[in-house]
Amino acid sequence: MRLRTLLIWLAVVPTVAMGTQVTVTAQRLLAQSEKLRSDVAAAEQVGAPLYTLMVDMQAERTATAARWAGSDNSEGELRVRREATDLAAAEFRRLAVDPSRSFSEVTRQLEKLAEYRQRADARIGAADSTLAYYSEVIGKVIQVYQQEFSHAEDAELAQASRPVVSMLQATEMVAREDTVLALAGPSGELTFVGYDQFVSALGAQRYLHEALIVPHLTARDQRFYDRVVGSADWQTKTRIESAVLSGHKDIVTGIKLPAEVGGWSSAHANFSVQMTTLNIDLARSVLARGEAKAGELQTEVAWLIGGSAGGLLAVVVVVFFTTRSVLRRLNDLHERTVTVAEETLPDVVARLQRGQSVDPDALPAVTGDRDEVGRISDAFARAVEVSVDGHRRLAAERHGFGLFASGIASRTGNLVSRQLSLTEDLQDTFGHDEALLAELMRADQLTVGMRRQIENLLILAGGEVPDPHTEPMRVADLLREAAAEVEDFRRIERQALDETSVEPSAISQISHLLAELLDNATRFSPPKSKVVIRAELVTDGLSVEIEDRGPRVSPERYEEMNGRLHEAPPYSVLAQNAHRLGLFVVGHLADQLGATVTLRRSVYGGTSAVVILPRQLLVASDPQAPREIEPQPRVLELLPAPTRAPAASVSSEPAVREAAAEPAPATEPAPEPEPVVHTSAGLPSRRAKAPVAVATAVSAPAPALVPVPVPAARPALPERVPQTHIAEQLREPRAQESVVRPDTATPEEVADAWADYEQGTQTVEEELRRDQP
């Protein structure tokens, strides 16, 4: 997951959580506000009829008790109270239609009213059971008030509504006292059950007033309450209650009430109205508070939503700018890191590999910043410092190893030069022995190959092969010198122009490059096939093409090899392909010369190597200079020359071998003679090649052989005289040997040639398999 996504999630998760919390809180507050408004609406709509129903039921209960006791005018009073109760019940049923409210319990109890009225009229059963029905209905009404309008969800409103419910309960207790006294009737006698009911109601209403009503009244309601309880009617009520408790007389059937009970009815009628007014004021106060609280909740929700929206916006803005700042710093750090990794560090490593000094200011430095991004930058700077130190030590070790390898190559090159000189002396001494001369020539050619491998080591070690040439060399001579470095030089066919020469400083490098390509071509092609090397001028300089008849190579393999040739490969790649040092040597030489080497498939199915030498390495040849005849390759016949007869002039080892080949036809035109240096045995002497020297980094170069002096002017070549260089024992006339043609080859020769070709093909396939990753 990207860092930008993580930062966004760090902002989104708290924002979503905060938004969810605000939503839940707002919904809860809105639900509470809606509940308050619903309660207020229900109380305004149903509360007044419900209270009226309760008061009328209390009055009907008292009238029923009076009639049951046989009081005067009780029948008419009961009729009036029943009509009032019926009106209140009908109004309540009409308004109490909300199924979510607990009004159904009161409605269900009202359905039994007619039944209990009939019992009261017929005096069926005890009076207490009939009066208990009225008390049960009134209790259900008070329970509705307690459940629906107490506002238990809000502590403040619950505290304010508590006196209302307590006042209703206290009013009911006083009404029960009134009912019990009415049940005493004109006789003024109560049963023990009735007296217990009076005492219980009196104790309950006094407790309610003292504990649950007076402590919770507001100052305004407290003043109104004080006026009620301080009135004469309330004092009469209190005096009668005390007289009933202390002035009653016990009789056989119960108790006898005192005479003061006669003033109860008028006093109760007066203070009950005042209590009703107080109850209504308390209820209206609670409803007003509920309405105000609902408005406050809605305002709180609005502020909550607005504040939360502002907070969320602030969080989004802060997160946006913080994320932008962090990402900008990280992007700057990334750009600096990429610049150091892709530009600065490779340049520093390249300079270290070249042995150059490195500017410390070019590398990232430790700044000491204490924040996270700064610590990451410092950690990267330390990593770069460690990497540069490692490359510096590696470059020093590589440079030291290069000096070591150059020293070994120099000393080994001196030994090889001495061996070449010794071989040349042996050729001069034992040139009359044909078999020995052939072996010496083969040893000489192998030694030349050893010298080329030593030069490869010097090139790969970072040194340069010094060029002993001081004069430009014709391209034809350059191709001949390159072919002389190859063991199987007889198969090489050269085609070159003479009007172009090569700068002296690049002769040895170009010759070595071409020798490596020629050696590769002869080794990876059938033994009897030809390898053609041709040179011609092109737009970009001099094109040298080497074509063989080797096995097919895949396009992917050509692309891989060309990648190594177009740019000098690093030593890490060299370590993984140590069995293909030739390609690496060619790549290094091409990089030093500014040349391009391309391998491709030839029209014959083999491989064609095209070398493009830049024009700055070429010079125009003298058109008046004599040209050397290019003899066609022939079968080599090494024969000693016993006498110092004039020899054909050659400038390299392949020319010596070609001079010893079978004689050319007599009709071949002979070039002008050229002075040639001969050995003591009468053979043309090798123009000694300068020994391999140490690279410029080596302090003392190795001693080199003194080349044989060659006259500055090049006179005409000596004329070849047939049979003049043949051995003494072969001068007698003999039958001329027929030249072996490919179409007259014996089955054994064909089998041998085919076996050689299969062996070469298997060798190539094995090396290709080793190159696969």
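What you see is a predicted model; the values in this text were computed from it and never measured. Throughout, numbering of the chain's residues begins at 1 and tracks the sequence.
- The minimum heavy-atom distance between Val502 and Val619, with the atom names listed, is N-CG2, 4.3 Å.
- Using modelled atom types, no side-chain atom of Asp548 and backbone atom of Val531 make a donor-acceptor pair closer than 3.5 Å.
- Put simply, CD1 on Ile510 and CG on Leu593 are 5.5 Å apart, with the number rounded to the nearest 0.5 Å.
- Minimum interatomic distance between Gly541 and Leu618 (heavy atoms only, all atoms of both residues): C-CD1, 3.9 Å.
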**Study point:** Pair Arg480-Asp477, side-chain contact (heavy atoms from CB on, under 4.5 Å): steps then yes or no
**Key:** CA-CA 5 Å; Arg480 182 167 51 249; Asp477 296 336; 2.2 Å; yes
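- In this structure, Ser387 has no side-chain hydrogen bond (donor to acceptor under 3.5 Å, both in side chains) partners at least two apart in sequence or on a different chain.
- Between the CG atom of Asn520 and the CD atom of Glu516 there is a distance of 8.5 Å, given to the nearest 0.5 Å.
- Heavy atoms only, all atoms of each residue included: Val544 and Leu514 are closest at CG1-CD2, 3.7 Å.
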Exercise for review: Step by step, work out the side-chain contact (heavy atoms from CB on, under 4.5 Å) result for Arg549 and Lys530.
Suggested key: CA-CA 7 Å; Arg549 304 294 193 273; Lys530 292 291 184 181; 5.6 Å; no
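- Atom-to-atom distance recorded for Gln509:CD and Leu613:CG is 11.0 Å, nearest 0.5 angstrom.
- Put simply, the side chain of Ser529 never gets that close to the backbone of Ser525: no donor and acceptor are under 3.5 Å apart.
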Check your understanding: After noting the C-alpha distance and the side-chain angles of Leu513 and Val611, does the key distance pass the side-chain contact (heavy atoms from CB on, under 4.5 Å) rule?
Key -> CA-CA 9 Å; Leu513 185 149; Val611 182; 3.9 Å; yes
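- To the nearest 0.5 Å, atom CZ of residue Arg615 and atom OG1 of residue Thr500 are 9.0 Å apart.
- Inter-residue side-chain proximity for Leu589 and His512 is flagged as met; some heavy-atom pair is nearer than 4.5 Å.
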Practice item. Please assess Met473 against Ser501 for the test side-chain contact (heavy atoms from CB on, under 4.5 Å), listing each intermediate value before the final yes or no. Key: CA-CA 5 Å; Met473 177 179 288; Ser501 299; 5.9 Å; no
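- Legend: residues meeting side-chain contact (heavy atoms from CB on, under 4.5 Å) with Glu545, ordered by chain and number and at least two apart, are Arg534, Arg600, Ser608, Val610.
- Take Asp488 and apply the salt bridge (charged side-chain N to carboxylate O under 4.0 Å, His left out) test, not counting sequence neighbours, and it matches Arg491.
- Applying the side-chain hydrogen bond (donor to acceptor under 3.5 Å, both in side chains) rule to Glu503 yields no partners; only residues at least two apart in sequence or on another chain are considered.
- Residues Val597 and Leu517 are in side-chain contact: their nearest non-hydrogen atoms beyond the backbone lie under 4.5 Å apart.
- In summary, the side chains of Tyr558 and Thr607 do present a donor paired with an acceptor at a separation below 3.5 Å, with no hydrogens or angles considered.
- Legend: salt bridge (charged side-chain N to carboxylate O under 4.0 Å, His left out) pairs involving residues 343-352, not counting sequence neighbours: none detected.
- Between the side chain of Thr447 and the backbone N or O of Ala443, at least one donor-acceptor pair lies under 3.5 Å.
- With rounding to the nearest 0.5 Å, the separation of CD in Glu481 from OG in Ser511 is 4.0 Å.
- Taking each heavy atom of Pro504 and Pro472 in turn, the nearest pair found is CG-N, 3.6 Å.
- With sequence neighbours excluded, no residue satisfies salt bridge (charged side-chain N to carboxylate O under 4.0 Å, His left out) with Glu471.
- Side chains of Glu487 and Glu485 form no contact here, defined as non-hydrogen atoms less than 4.5 Å apart.
- When all heavy atoms of Val486 and Ala515 are compared, the closest pair comes out as CG2-O, 3.8 Å.
- Between Leu518 and Ile546 the shortest side-chain heavy-atom distance falls below 4.5 Å.
- What you find for Ile492 and Ala483 is that their closest heavy atoms are CD1-CB, 3.9 Å.
- In this structure, CD1 in Ile612 is found 9.5 Å from OG1 in Thr539, a value given to the nearest 0.5 Å.
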